[in-house]
Asker: 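Shown below is the structure under consideration.
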Protein chains: 2
Amino acid sequence: MDRTPRSGPYICGIDAALDVVSGKWKGLILWELDAHRVRRFSELRRGLPGVTEKMLTQHLREMEKDGLVHREVYAEVPPRVEYSLTEHGHTLNQALGPLGAWGVDRIRREGSEVVDVPETAH
Amino acid sequence: MDRTPRSGPYICGIDAALDVVSGKWKGLILWELDAHRVRRFSELRRGLPGVTEKMLTQHLREMEKDGLVHREVYAEVPPRVEYSLTEHGHTLNQALGPLGAWGVDRIRREGSEVVDVPETAH
DNA sequence: CCGTATCCGCCCTGATACTG
DNA sequence: CAGTATCAGGGCGGATACGG
């Protein structure tokens, strides 16, 4: 259920950060939550075209455990669950800004196919 | 031999950047090459405790293909091969700076075991 | 010194079906 | 609406042995 613990100790800060954002959808989840402040499960699913419920849940749980995401459950019918970034999640997203900009440059250089290139300053 | 091509198009710049730094040793390789400007194969191997020759070669080849690393072969006996960062590799490393700083904070917060925490400004 | 070649286990991811 | 359970495939990382 849990993510496999890292094999060994971290070698540097990059390692510790990559350990937390490695995952096919985590970058995008971070960006979605930062852009909208609060998102429900179904909203996130719609915002991540192609993601399965299992992977979305799994990633959200890991990010919650890593202290990036806050999960608020409302005891209602129908059930409602809202996800938002914690302070650490927000600072991580800030720290990813330059990397995202570099990635956009890389895409432009290589003319890679892209679905959507969000503005870095959103 | 080649890295598996990404399953689909990139969703955002973060994706495109993570695609290139994902790999157990790539962050550290980047940092080693940026700190020393030029490193031989055996020097890199010593700088990455625990890496196997296969993984080091594989990562270096991928990074070369991605335009991050320059590989210079000298036709000498004994053979000598020197690795260095390209301009793109250098800018990527710059873009990773904030992420590395965030990672260092995370390590401090969690009291994780760490082998070595290099200074961000080296 | 600088790699290749081969084999292997495990985790990551995904498809599908089912539940409160 | 918001998940959980189960099964399966494939890539990634690693161990080991060999080559120029």
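Residue numbering restarts at 1 for every chain, and letters A, B, ... go by the order of the sequence lines. No hydrogens, no waters, no symmetry mates; every other heavy atom, side chains included, goes into these values.
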Asker: Consider the side chain of B/P79, meaning its heavy atoms from C-beta on, and name the nucleotide among D/dG13, C/dT13, D/dG20 that approaches it most closely.
Answerer: D/dG20
Asker: Taking 4.0 Å as the cut-off, does a side-chain nitrogen or oxygen of A/S42 come that near to OP1 or OP2 on D/dA2?
Answerer: yes
Asker: Measuring from the side chain of A/M55 (C-beta onward, heavy atoms only), which nucleotide among C/dT13, C/dC2, D/dT4 has the closest atom?
Answerer: C/dT13
Asker: Take A/E43 and A/H36, measure what side-chain contact (heavy atoms from CB on, under 4.5 Å) needs, and give me the verdict at the end.
Answerer: CA-CA 10 Å; A/E43 291 174 329; A/H36 297 93; over 6 Å; no
Asker: Over all strands shown, is B/R40 touching base, sugar-phosphate only, or nothing at heavy-atom distances under 4.0 angstrom?
Answerer: sugar-phosphate
Asker: Please confirm whether the shortest side-chain N or O distance from A/R39 to OP1 or OP2 of D/dC1 is below 4.0 Å.
Answerer: no
Asker: Just how far, in rounded Å, is C1' of D/dC1 from CD of A/E76?
Answerer: 11 Å
Asker: Can you tell me the distance, in whole Å, between the CD atom of B/E82 and the P atom of C/dC1?
Answerer: 14 Å
Asker: Rounded to whole angstrom units, what separation is found between the CG atom of A/L56 and the P atom of D/dC1?
Answerer: 14 Å
Asker: Is the distance from OP1 or OP2 of C/dC2 to the nearest side-chain N or O of B/R71 less than 4.0 Å?
Answerer: no
Asker: Measuring to OP1 and OP2 of C/dT13, would you say a side-chain N or O of A/H59 lies under 4.0 angstrom away?
Answerer: yes
Asker: CG of B/L60 versus C1' of C/dT4: gap in Å, rounded?
Answerer: 15 Å
Asker: Please report, rounded to the nearest Å, how far the C1' atom of D/dG20 is from the CZ atom of B/F41.
Answerer: 14 Å
Asker: C/dT16 phosphate, OP1 or OP2: any side-chain N/O from A/T52 under 4.0 angstrom?
Answerer: no
Asker: For the residue pair A/C12 and B/I107, what are the closest heavy atoms and their distance?
Answerer: O-CD1, 4.1 Å
Asker: At less than 4.0 Å, is any side-chain N or O atom of A/W25 found next to OP1 or OP2 of C/dC12? Yes or no.
Answerer: no
Asker: When the distance from CD of A/E64 to P of D/dA2 is rounded to whole Å, what number comes out?
Answerer: 15 Å
Asker: The side chain of A/V81 lies closest to which of these nucleotides: C/dT4, D/dA2, C/dC1?
Answerer: D/dA2
Asker: Does D/dC1 have OP1 or OP2 sitting under 4.0 Å from an N or O in the side chain of A/R45?
Answerer: no
Asker: Using the side-chain hydrogen bond (donor to acceptor under 3.5 Å, both in side chains) criterion, which residues pair with A/R71? Sequence neighbours excluded.
Answerer: A/Y83
Asker: Which heavy atom of A/K24 sits nearest to which heavy atom of B/D15, and what is that distance?
Answerer: O-OD1, 4.4 Å
Asker: Once you round it to whole Å, what is the distance between C1' of D/dT16 and CD of B/Q58?
Answerer: 16 Å
Asker: Does B/Y83 reach a base, just sugar-phosphate, or nothing at all? Heavy atoms under 4.0 Å.
Answerer: sugar-phosphate
Asker: Starting at atom CG of A/D19, determine the distance to atom C1' of C/dC12, rounded to an integer number of angstrom.
Answerer: 14 Å
Asker: If you compare all heavy atoms of B/G103 against all heavy atoms of A/A16, which two are closest, and at what distance to 0.1 Å?
Answerer: O-CB, 3.7 Å
Asker: Check whether A/T91 reaches the backbone of A/H88 with its side chain - one donor and one acceptor, N or O, closer than 3.5 Å.
Answerer: yes
Asker: Taking the side chain of A/K54 as its heavy atoms from C-beta onward, which of C/dC1, D/dC7, D/dA2 lies nearest to it?
Answerer: D/dC7
Asker: Given C/dT4, D/dG3, D/dG13, identify the nucleotide with an atom nearest to the side chain of A/T57.
Answerer: D/dG3
